[in-house]
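As a basis for the values below, the full set of heavy atoms in this structure was taken, side chains included, without hydrogen atoms, waters or symmetry mates.
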Amino acid sequence: MDVRAPKGTADMLPDTARAWEHLTRTAQELFARYGYEPVYTPLFEHTEVFARGIGEATDIVSKEMYTFADRAGRSLTLRPEGTASVVRAALEHTLVPQGSLAKLYYAGPMFRYERPQKGRMRQFWQIGLEALGAAEPGVDAEVIAALWRFFETVGIPADNMRLLLNSMGDDVCRPGYRATVAAYIGEHAEALCAECNRRLDTNPLRAFDCKNPACAQVMAGAPLLRDELCEPCATHYAEVKARLDALGIPYVEEPKLVRGLDYYTRTVFEVQADAGLGSQNAIGGGGRYDGLMEMFGGKPTPGLGFALGFERTLLAMEAAGATVPSPPRADVYVARVDESVAAVVFDVASALRDAGIAAELDHQARSLKAQFKQADRLGARAVVVVGPDEAAAGEATLRDMSTKEERRVALATVVDALRALLG
RNA sequence: GUGGGUGUAGCUCAGUUGGUUAGAGCGCCGGACUGUGGCUCCGGAGGUCGCGGGUUCGAGUCCCGUUACCCACCCCA
């Protein structure tokens, strides 16, 4: 049997798992302050949820989904992102009745069949947040602020990040702009790569993302949506920027920022961090999707959200020297001099644990010296030693690891004595 | 899907123009007048040299294939 985890997946070993718990805990505390509540949706959905929500022509749907048939023949897909599922759940459970606002966040694994590289896995972990029901620009600023503050909170300095911002317009102004860009591409077909030409019909705006130097040069001269937004979109965009300015959150307007998921409208944003990352430098991103709920058959409901990548965030944190808290693994180590007192030691450790004190003991009949070394490694502040002498007297020796002071206490008072010692 | 790089002890890596029992550091275990830590010293365990062919008297060292991982393109968190 091959014991290696499947390509593109990774076991979250203790250090990484602790980091994940730290980030999710940080998200819980921070997002709660912004009024968001947790939500968990299934790891797989009917394929249609993603196919229609994200867009048939997108890379994610056309070539990166883990799609399979279950035993009853249903076509299911492992979620490649979280927004479509949350919106589907909001529709199913009417989380956004007329005039209300649903503020939700989630955390968990996502799946995309891609070639793994630095910061890109087939199973990767995201924390995301969605605000459904509000069209006002203030929500855009709130969501972006939550994302930005999250990164700052986990220790990525603002100087190491940059927030890219753009508006993609809406149903009123985007179609016209799209046609304009398509026409522009048509005029410069000769100078553009095959991929850009191929996307002329499906998604011409993606040509702005093309890293082919020739394409980039041509697209640099293309008309910008920013200059052709309809009045409402232009006003909305200006308002979002004003709110961000007021919050003191720095952003860079990036007219060429075009997200790869079809559902985005108006505000789109991305946070990039260079230090520690490879070419996958987007640690978080998102945008507004005012037409998504309707696309699923619901009433027109505005909304927006973001997702941030756990693995990439961790890389950026490490590069910034940010650390994950790692509490001592044991407050107390209960050591035994020989096997004759194994039962006594076990009882003492159990009593400590029942009393809420993290206690560890030896299970391998190791030497006392080895037990002390272990106590040291675990960060134990005290060691309780029990040997034949102590056992015979119904006592234990209690050693304060920092002062090296030792004293004998009755077994019955060990818990209280340690409570006092540990403070 | 395309391209490049790398696969030697648990981890990070050395291994000379192919030549006898494959090494180091860290980690782990044990010991330093035998019931005690963080330092130091000593000792020990631990390796199908990714896998399969081939060349050769002889391959970790050369050739071919294969597989895994890494990085990049692409795309995205």
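When distances are taken from the side chain of Lys63(A) to each of A77(B), C74(B), G3(B), the shortest belongs to C74(B). Of the listed nucleotides (C74(B), A77(B), G35(B)), C74(B) has the atom at the smallest distance from the side chain of Gln280(A). Candidate nucleotides C71(B), U67(B), C75(B) were compared by shortest atom distance to the side chain of Arg4(A), and U67(B) ranks first. Comparing G35(B), A77(B), U67(B) by their closest approach to the side chain of Glu311(A) singles out A77(B). Among C73(B), G35(B), U36(B), the nucleotide with an atom closest to any side-chain atom of Lys369(A) is U36(B). Distances were taken from every side-chain heavy atom of Asp59(A) (C-beta onward) to each of C75(B), G37(B), C29(B); the shortest belongs to C75(B). Ranking G37(B), G35(B), C29(B) by closeness to the Val337(A) side chain, first place goes to G35(B).
At the heavy-atom level, Ala375(A) lies nowhere under 4.0 Å from the strands shown. Here Ala370(A) lies in heavy-atom contact (under 4.0 Å) with sugar-phosphate atoms only. Gln272(A) comes within 4.0 angstrom of nothing in the nucleic acid, heavy atoms only. Gly286(A) comes within contact range of no nucleotide atom at all, as no heavy-atom separation falls under 4.0 Å. Contacts of Arg377(A) with the nucleic acid, taken as non-hydrogen atoms under 4.0 Å apart, involve only primed sugar atoms and P, OP1 or OP2. Nucleic acid contact for Ile283(A): sugar-phosphate only, since backbone atoms but no base atoms lie under 4.0 Å from a heavy atom of the residue. Glu64(A) comes within 4.0 angstrom of sugar-phosphate atoms only, judged by non-hydrogen atoms across all strands, and of no base. Within the nucleic acid shown, Asp338(A) has no heavy atom closer than 4.0 Å to any nucleic acid atom. Residue contacts shown for Arg366(A) are limited to sugar-phosphate atoms, with no base heavy atom under 4.0 Å away.
Across U66(B) and C29(B), the matching P atoms stand 44 Å from one another, rounded to whole Å. Comparing U6(B) with G15(B), their P atoms are spaced 13 Å from each other, to the whole Å. U40(B) sits 30 Å from A22(B) when the P atoms are compared, rounded to a whole Å. C39(B) sits 39 Å from G19(B) when the P atoms are compared, rounded to a whole Å. Comparing the P positions of G7(B) and A45(B) gives an interatomic distance of 28 Å, to the nearest angstrom. Across the C1' atoms, G23(B) and A9(B) are found 10 Å apart, a figure rounded to whole Å. Between the C1' atoms of A32(B) and G37(B), the separation comes to 16 Å (whole Å). Spacing between A14(B) and G60(B) at atom C1', rounded to whole Å, works out to 12 Å.
One atom, CG of Leu315(A), and another, C1' of C71(B), lie 13 Å apart when rounded to the nearest Å. Rounded to whole Å, atom C1' of G35(B) lies 5 Å from atom CG of Leu368(A). The distance from atom CE of Met110(A) to atom P of A77(B) is 11 Å, rounded to the nearest whole Å. Rounded to whole Å, the distance from NZ on Lys373(A) to P on A32(B) is 12 Å. For the pair Gln364(A) CD and C28(B) P, the computed distance is 13 Å after rounding to whole Å. Regarding Asp331(A), its CG atom lies at a distance of 22 Å from the P atom of G37(B), rounded to whole Å. Between the C1' atom of G38(B) and the CZ atom of Arg381(A) lies a distance of 17 Å, rounded to the nearest Å. The nearest whole Å value for the distance from the CG atom in Asp362(A) to the P atom in C29(B) is 11 Å.
A distance cut-off of 5.5 Å between ring centres, combined with a plane angle under 30°, places Phe124(A) in a stacking arrangement with the base of A77(B).
Between Ala5(A) and Phe372(A), the one whose closest nucleotide on RNA chain B sits nearer the 5' end is Phe372(A). Heavy-atom distances to RNA chain B give each of Leu277(A) and Phe310(A) a nearest nucleotide, and the one nearer the 5′ end belongs to Leu277(A).
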Exercise for review: Mind running side chain to side chain donor-acceptor pair (under 3.5 Å) on Ser62(A) and Glu56(A) for me, showing each step along the way?
Suggested key: CA-CA 6 Å; Ser62(A) 64; Glu56(A) 299 277 5; over 6 Å; no
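The two atoms that bring Ala146(A) and Leu30(A) nearest to each other are O-CD2, 3.7 Å, heavy atoms only. The minimum heavy-atom distance between Ala282(A) and Glu270(A), with the atom names listed, is CB-OE2, 3.5 Å. Across all their heavy atoms, Val341(A) and Val386(A) have their closest contact at CG2-O, 3.4 Å.
Residue Gln117(A) places at least one side-chain N or O closer than 4.0 Å to OP1 or OP2 of A72(B). For Lys7(A) and C69(B), the shortest distance from a side-chain N or O to OP1 or OP2 is below 4.0 Å. Residue Ser367(A) has a polar side-chain atom (N or O) positioned under 4.0 Å from OP1 or OP2 of G31(B). For Ser279(A) and C73(B), the shortest distance from a side-chain N or O to OP1 or OP2 is below 4.0 Å.
Within 3.5 Å, a donor on the side chain of Arg399(A) pairs with an acceptor on the base of G37(B), or the reverse. The base of G35(B) is not paired with the side chain of Glu406(A) by any donor and acceptor separated by under 3.5 Å. Judged by distance alone with a 3.5 Å cut-off, a donor-acceptor contact links the side chain of Arg120(A) to the base of C75(B). Within 3.5 Å, a donor on the side chain of Lys404(A) pairs with an acceptor on the base of G38(B), or the reverse.
Panel note: side chain Asp11(A), backbone Leu13(A); no donor-acceptor pair is recorded below 3.5 Å. Between the side chain of Glu311(A) and the backbone N or O of Trp125(A) there is at least one donor-acceptor pair closer than 3.5 Å.
Using a 4.0 Å cut-off between a side-chain N of Lys or Arg and a carboxylate O of Asp or Glu, Lys241(A) and Glu253(A) qualify as a salt bridge. A salt bridge is absent between Arg329(A) and Glu360(A): the closest approach of a Lys/Arg side-chain nitrogen to an acidic carboxylate oxygen does not fall below 4.0 angstrom. A salt bridge does not link Arg407(A) to Asp400(A): none of the charged side-chain nitrogens sits closer than 4.0 Å to a carboxylate oxygen.
Between Glu142(A) and the choices Lys103(A), Arg243(A), Arg149(A), the salt bridge (charged side-chain N to carboxylate O under 4.0 Å, His left out) rule is met once, by Lys103(A).
Separation of the Tyr36(A) and Tyr105(A) ring centroids does not fall under the 6.0 Å cut-off.
Paired runs in RNA chain B that reach 3 or more consecutive Watson-Crick or G-U pairs, where each pair keeps both distances under 3.5 Å, cover B:1-7 with B:67-73, B:10-13 with B:23-26, B:28-32 with B:40-44, B:50-54 with B:62-66.
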